[in-house]
Amino acid sequence: MKNINIGFSDNNCRVLILDESKKIFFQDEFDLGFKITDEANFKKNKEDTLRIFTEKLNSLQLPESDKKVNVLLDTSLTFLNLFPFDFNEDKGNINSHILWELSNYYPVTYKDFLINYYRLHNNFFSESIDEVLLIAVDRKIIEVIKNLCNGNGFRISNIDIDQIAVEKYLKEVYGTEFEQQNVVLIGCKNNRLDYSLYTNGKLTYYDFQITNMNNPGSYLIKQIEVLNSVAGYEGIAVIFLYGDEKLFQIRDILSEYYKELPVKLVSTDSESAEISRRSIFAPLCGLGLKNYS
């Protein structure tokens, strides 16, 4: 059966389908016509919203499937934060500490979030103390997405965020170049830049910047210098970029400043779209590939 993956950003929906041989069978996108974060508006206009979503989805003429879908979220729909933790503690203490960290930012509603976390294995502080990347999503957003999927007979199988999901695609396409070096991954989307540092294929650092993109150069260079110092004496070997058309601006800035450092645009292998459209679909492809693992 075909592997269907649906991605949501603020007011956009993207669909990517992989066939049984892991090749891209289909990719396209459409405007939702509403903000996925506006739960109140969704409840008020639920029937109309579901009808319009179904019409737009049906217009894509998706193939027959077992109705399981993987869902991808733009990082702008999530709360992400780093904090140190002593992993000599038991799992119960880890979960309690994570909730405490989240409650510092959302003192009233922290229990209304779905939570996941990644241990970064960077040992900045000591052998037992690592940084943790906390990922939290408001349940209201998930509920809206569930309603949209259920209204079309889909059952959600997996939920991930783009900056994490694209890792699987990089491993599949670039192999040892990604898994045996220090590499930086930058997500270039709308008014946001997401930065991940991978050391030998493992996530060891994360940060992001909200920017209007008018002049991202100064912060961008500073951030790369930080990541270069984190990577240690070997330094960064390559920078991968994915995202919308703004990735060209980011590539030009980095290529001009780091003339000897390769800057590569990550894109799917579909030939039916320009590279910026192929690139924004790379995380969805990574999410689909996870389903074959």
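We count residues from 1, following the sequence as given. No hydrogens, no waters, no symmetry mates; every other heavy atom, side chains included, goes into these values.
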Inset, instruction - Check whether the side chains of Glu29 and Asn12 place a donor and an acceptor atom closer than 3.5 Å, and report yes or no. - result: yes
Inset, instruction - Mark yes when over 12 heavy atoms from residues, nucleotides or ligands other than Lys67 sit less than 6.0 Å from its NZ; otherwise mark no. - result: yes
Inset, instruction - Check salt bridge (charged side-chain N to carboxylate O under 4.0 Å, His left out) between Glu172 and all other residues, then give those that pass, not counting sequence neighbours. - result: none
Inset, instruction - Run the numbers on Phe240 and Tyr174 for ring pair (Phe, Tyr, Trp, His ring centres under 6.0 Å), then give the verdict. - result: CA-CA 10 Å; Phe240 292 105; Tyr174 293 95; 4.6 Å; yes
Inset, instruction - Is it possible for you to check whether Lys56 lies under 6.0 Å from the centre of the six-membered ring of Phe30, through NZ or CZ, and within 45° of that ring's axis? - result: no
Inset, instruction - Run through Glu39, Lys46, Lys35 and flag the one making a side-chain contact (heavy atoms from CB on, under 4.5 Å) with Val144. - result: Glu39
Inset, instruction - Could you tell me whether the side chain of Arg192 reaches within less than 4.5 Å of the side chain of Phe208, counting heavy atoms only? - result: yes
Legend entry - Test item: Cys285 and Leu287 side chains (from C-beta on) under 4.5 Å apart, heavy atoms: no
Inset, instruction - Could you pull out the closest heavy-atom pair between Pro283 and Tyr242, with the gap in Å? - result: CG-CE1, 3.5 Å
Inset, instruction - Could you tell me whether the side chains of Tyr110 and Glu101 share a donor-acceptor contact shorter than 3.5 Å? - result: no
Inset, instruction - Measure from the side-chain N and O atoms of Thr78 to the backbone N and O of Ala136, and report whether any donor-acceptor pair falls under 3.5 Å. - result: no
Inset, instruction - Look at atom NZ of Lys146 and say whether more than 12 heavy atoms of other residues, nucleotides or ligands are closer to it than 6.0 Å. - result: no
Inset, instruction - State, without any angle test, whether Asn5 and Asn3 hold a side-chain donor-acceptor pair at a distance under 3.5 Å. - result: yes
Legend entry - Arg14 bridged to Asp28 by N-O distance under 4.0 Å: no
Inset, instruction - Flag the pair Asp162 and Lys189 as a salt bridge only when some basic side-chain nitrogen lies within less than 4.0 angstrom of an acidic carboxylate oxygen. - result: yes
Legend entry - Student check: side-chain heavy atoms of Glu131 and Arg119 closer than 4.5 Å: no
Inset, instruction - Please tell me if the side chains of Leu16 and Phe26 come closer than 4.5 Å, counting only heavy atoms from C-beta onward. - result: no
Legend entry - Tyr105 versus Asn81, side-chain donor and acceptor atoms under 3.5 Å: yes
Legend entry - Thr37 and Asp10, any side-chain heavy atoms less than 4.5 Å apart: yes
Inset, instruction - Report yes if the side chains of Leu185 and Asp194 come closer than 4.5 Å at any heavy-atom pair, otherwise no. - result: no
Legend entry - Side-chain H-bond candidate by donor/acceptor type, Asp138 with Tyr106, under 3.5 Å: no
Inset, instruction - Test Tyr198 against every option in Gln181, Glu167, Glu179 by the side chain to side chain donor-acceptor pair (under 3.5 Å) rule and name the one that passes. - result: Glu167
Legend entry - Test salt bridge (charged side-chain N to carboxylate O under 4.0 Å, His left out) applied to Arg51 - qualifying residues, sequence neighbours left out: Asp48, Glu55
Inset, instruction - Report yes if the side chains of Ile6 and Leu148 come closer than 4.5 Å at any heavy-atom pair, otherwise no. - result: no
Legend entry - Side chain to side chain, Tyr258 and Ile221, heavy atoms closer than 4.5 Å: yes
Legend entry - Aromatic ring pairing His97/Trp100, orientation class (parallel under 30°, perpendicular over 60°, tilted between): tilted
Inset, instruction - Starting at CG of Leu57, measure out to CZ of Phe154 and round the result to the nearest 0.5 Å. - result: 5.5 Å
